[in-house]
Chemist: 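Would you mind keeping the following structure in view while I ask a few things?
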Amino acid sequence: MKTVLKHRLFWPIAALLTLIVINTIARPSFISITVQNGQLYGPLIDILRNSAPLMLVALGMTLVIATRGIDLSVGAIMAVSGAVALTFISGSSDPNGLPTVMIAIGLGVLVALVLGAWNGFLVAIVGVQPIIATLVLMLAGRGIALLITGGFITTINSEPYRFMAQGYQFGLPFAFYVSLAAIAVVALLERRTALGVLTEAVGINPEASRLAGVRSRGIIWGAYAASGLLAGLAGILYSSNIMAADANAAGLYIELDAILAVVLGGTSLMGGKFSIAGTVVGVFTIQTLKSTITFLGVPPAVSPLFLAIVVVIVVLVQSPRTREHLTRLGRSIRRSSAPKVEVAS
Amino acid sequence: MSTLTATDSRSSALQQSLTRFRHRHASWIPVFAALVILIVMLVGAQLYFGNFLTPRVLSALLLDNAYLLILAVGMTFVILTGGIDLSVGAVMAFTGMLGASLLSTGLPSAIAIPVMLLVGAAMGLAVGVLVLFFDVQPFIASLAAMFAARGLAFMVSLSSIKVEDPAILWLQSTRLQGAPGGFYLTPTGIIALTVVLVGALVLHYTRFGRTIYAIGGNEQSARLMGLPVVRTKLFVYVVSGLCAGLAGVVFTAYTGASYPLNGIGTELDTIAAVVIGGTLLTGGSGFVVGSMIGVFVYGTIKTVISFLGADQSWTRISIGALLLVFVVVQRLIVARSSRR
């Protein structure tokens with residue numbers, strides 16, 4: 001029991017399960033999954049489907065935060081990649097052709113990769129603070145997206161593109177497979193190679209790891225590039241879901257949701273240790289919370305208030321001072337038990 | 001020969017005094033740079049359009065950006081201590097909504113306005129408590145406050161509330177003429193300029209202000225010197241919240257209504273203005289006057305783009321580009337001085 005409690009995924013998973021249980025009690029249909037034409041439907045499946053863009057962005061954010069950085073530009077990058085892809089499709093002669101859609105997606109993701117690399121260049125080479133380096137693109141990115149779409153909301157009609165976010169494959173939403181693939185790739189790269197350890201080393205102390213022979217600049221650069229790439233893919237999914245490139249609304253506030261998901265998953269914003277599984281759980285928690293808030297009949301606009309309450313609770317629980325108080329409280333309650341040195345995990 | 005040495009010594013004397021000036025006023029140099037950019041932009045716009053430097057445009061430059069000016073002063077305080085406050089735009093929206101709804105229930109503005117200011121200060125206090133007593137990063141604490149304030153703004157009302165209170169409307173609609181050349185001011189402009197003045201005076205002539213610079217320079221040293229670090233930082237967030245509340249009053253007067261979506265992205269515009277005005281994001285160096293210039297740079301870009309009839313998306317792109325230039329230059333300055 002102790003080892004379960006001590007596991008760093010315990011609290012994130014507990015939070016997610018609590019939310020699911022509360023939802024199920026409030027409306028038993030929450031966990032029901034129906035099969036229609038061999039495809040699964042239900043609130044839980046919706047959560048899997050709708051969480052895909054946030055999942056991609058949060059994975060990238062995890063890598064960036066692991067290097068002690070932050071990427072505020074992901075929402076703007078989403079807007080740009082969606083704008084690029086949809087502008088290409090709407091300008092092509094064959095919007096329903098698979099090659100057109102493939103090229104459009106490739107272009108959108110490529111532009112996103114370039115933007116991410118630009119962030120990485122500013123942070124790793126020029127040495128600008130991550131908040132500001134990415135703030136530049138956050139400010140300028142939506143402007144660029146608006147220029148690409150000519151200030152309009154570009155809408156398209158393309159079946160293959162629609163499939164990205166709304167299609168089904170093997171009974172599950174295609175978007176879910178996209179996020180699954182992203183999780184697998186990131187997890188394999190970071191946990192089955194030395195890259196993850198090196199990233200943590202850079203996050204804990206960039207200078208020391210550089211002196212120890214770690215190419216910290218390259219790793220930081222790579223993290224921002226990966227974040228840009230994943231955000232680009234998220235932008236494709238978002239625009240595919242609404243079949244429109246809306247430069248103002250695409251990915252609005254997603255950077256904050258992503259940061260929250262990462263923090264919920266137990267990754268510290270101070271850099272260093274990070275948990276991909278934690279981020280995955282964090283994303284599902286946020287998506288479930290959003291679905292709960294909608295179910296409660298709260299106007300979606302008010303939902304930030306609930307997110308804020310969750311953030312405050314999470315950071316308070318994570319805060320060393322609160323832990324100190326709690327430990328002291330716990331000790332005074334079971335004064336008879338032998339004093340034990342707590343080691344912060 | 002002698003003339004050569006004379007010019008030599010003269011030029012070296014000039015160089016020396018220049019170097020001395022650079023050393024003594026190193027922290028003012030980014031402000032001068034911002035001022036030069038502002039003047040170049042204003043003069044360039046005048047040459048291009050021919051009717052840019054009119055009293056009407058220049059007065060509007062101040063009055064259209066009065067709320068941003070007030071926010072920038074509060075943000076300067078926070079950034080000088082090395083912190084950041086992302087909540088200001090949302091707090092401005094929330095206090096505006098709260099005030100408008102209080103006024104619509106018939107409450108006099110003499111009560112509603114102080115309530116707005118107090119609520120703003122309370123939001124700032126909450127951020128400060130999270131930062132200082134629970135070691136939450138300022139970025140995250142103010143992010144939570146931003147979420148909370150935005151949600152609360154929508155809780156007050158989902159749609160816009162019209163303000164009909166004469167005292168609030170008076171703030172914007174009164175035009176105080178009398179300056180030579182047809183310049184005019186409104187009470188909101190006077191409020192903004194007063195905030196700048198008070199901010200500058202507090203930073204330079206009070207113990208509180210000097211402590212802020214000391215904390216931004218080196219928090220550890222400030223602590224060891226026995227300066228009240230915790231109290232000062234806490235108060236800095238309260239100042240920022242208070243400014244956000246005041247900006248809520250001014251913005252409500254400016255638009256004559258309150259809308260819960262007001263001020264989205266304003267926190268970033270504010271940070272951009274403060275940084276363009278030469279305040280170092282690492283804290284310890286910067287001036288309220290610089291932030292004022294930064295706001296004017298922002299306002300001028302906006303005005304130029306509307307003069308051009310170009311798409312407003314260019315405002316964002318230009319601000320982003322300008323911010324980039326300034327941050328890179330700052331980075332070079334810091335790298336140079338740390339090598340010394």
Side-chain angles (χ1 to χ4, degrees), chain A residues 70 72-73 76 118 122 126-129 131-133 135-151 247-248 252-253 255-257 259-260 263 268-270 293 298-322 325, chain B residues 84 86-87 90 94 126 130-137 139-141 143-158 260-261 264-265 267-269 271-272 275 280-282 310-328 330-332 334-335:
Chain A
I70 201 128
L72 297 181
S73 66
W118 160 254
L122 284 182
V126 184
V128 178
Q129 276 174 300
I131 289 190
I132 297 308
L135 178 65
V136 170
L137 196 54
M138 181 183 188
L139 284 173
R142 285 187 193 280
I144 295 170
L146 273 172
L147 284 186
I148 293 171
T149 60
N248 286 316
L252 192 64
Y253 284 141
E255 55 279 342
L256 310 176
D257 284 348
I259 293 166
L260 178 56
V263 175
S268 160
L269 280 163
M270 303 303 287
I293 292 168
V298 176
V302 183
S303 68
L305 180 60
F306 293 86
L307 284 174
I309 293 169
V310 174
V311 180
V312 170
I313 292 173
V314 168
V315 293
L316 286 187
V317 168
Q318 279 193 355
S319 154
R321 197 178 287 236
T322 323
H325 282 303
Chain B
I84 201 145
L86 295 178
S87 70
F94 171 46
L130 278 180
V131 170
L132 288 155
F133 294 109
F134 294 100
D135 293 325
V136 180
Q137 285 174 335
F139 179 80
I140 295 299
L143 195 64
M146 167 179 144
F147 271 128
R150 190 62 73 187
L152 287 168
F154 277 106
M155 218 165 199
V156 174
S157 164
L158 289 176
L261 276 172
I264 281 194
E267 52 284 331
L268 305 173
D269 292 338
I271 295 170
V275 171
L280 279 190
L281 275 158
T282 41
D311 206 74
Q312 282 299 325
S313 57
W314 280 105
T315 313
R316 298 248 137 185
I317 297 178
S318 342
I319 289 287
L322 206 57
L323 182 64
L324 177 71
V325 170
F326 268 80
V327 169
V328 171
Q330 276 192 6
R331 174 70 206 155
L332 293 179
V334 171

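In the text below, chain A, chain B and the rest are named by the order of the sequence lines, each starting its count at 1. Worth saying up front: this structure is predicted, and the values here are computed from it rather than measured.
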Chemist: Check each atom of L324(B) against the heavy atoms of chain A and say whether the ones under 4.5 Å are side chain, backbone, both or neither.
Modeler: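 Both backbone and side chain of L324(B) come within 4.5 Å of chain A.
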Chemist: For L322(B), is it the side chain, the backbone, both or neither that has a heavy atom under 4.5 Å from a heavy atom of chain A?
Modeler: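 When you check distances to chain A, no heavy atom of L322(B) falls under 4.5 Å.
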Chemist: With only heavy atoms counted, which part of L281(B) is less than 4.5 Å from chain A, the side chain, the backbone, both or neither?
Modeler: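 Answer is both: backbone and side chain atoms of L281(B) are under 4.5 Å from chain A.
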Chemist: Looking at G320(B), A126(B), A321(B), which has the largest count of heavy-atom pairs under 4.5 Å with chain A?
Modeler: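 Option with the top pair count is G320(B).
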Chemist: Identify the heavy atoms of R316(B) and L139(A) that sit nearest to each other, and give their distance.
Modeler: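 Scanning both residues completely, I find the closest heavy atoms to be CB-O, 3.2 Å.
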Chemist: Taking salt bridge (Lys or Arg N to Asp or Glu O under 4.0 Å) as the cut-off, I'd like each qualifying pair that reaches into residues 136-151 of chain A, sequence neighbours left out, listed once.
Modeler: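 Listed once each, the pairs would be none.
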Chemist: Pick one of side chain, backbone, both or neither for L72(A), based on which atoms fall under 4.5 Å of a heavy atom in chain B.
Modeler: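 Contact with chain B: side chain only.
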Chemist: Search all heavy atoms of G143(A) against all heavy atoms of I317(B) and return the closest pair with its distance.
Modeler: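 Scanning both residues completely, I find the closest heavy atoms to be C-CD1, 3.5 Å.
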Chemist: With chain B, which of V298(A), L137(A), I309(A), L146(A) has the greatest number of heavy-atom pairs at distances under 4.5 Å?
Modeler: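 Most heavy-atom pairs within the cutoff with chain B belong to L146(A).
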Chemist: Which pair of non-hydrogen atoms, one from L323(B) and one from A272(B), has the smallest distance, and what is that distance?
Modeler: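 Looking at all heavy atoms of both residues, the closest pair is CD1-CA, 3.8 Å.
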Chemist: Looking only at heavy atoms, what is the nearest atom pair of A90(B) and M146(B), with distance?
Modeler: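 In this case the closest contact between A90(B) and M146(B) is CB-O, 3.4 Å.
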Chemist: Count the heavy-atom pairs under 4.5 Å between each of L307(A), L256(A), V312(A) and chain B, then report the option with the highest count.
Modeler: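 Option with the greatest count: L256(A).
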Chemist: Does M138(A) form a side chain to side chain contact (heavy atoms under 4.5 Å, CB included) with I132(A)? I'd like the steps, not just the answer.
Modeler: CA-CA 9 Å; M138(A) 181 183 188; I132(A) 297 308; over 6 Å; no
Chemist: Which residue out of V128(A), L305(A), I259(A) racks up the most heavy-atom pairs below 4.5 Å with chain B?
Modeler: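 Counting heavy-atom pairs under 4.5 Å, the top option is L305(A).
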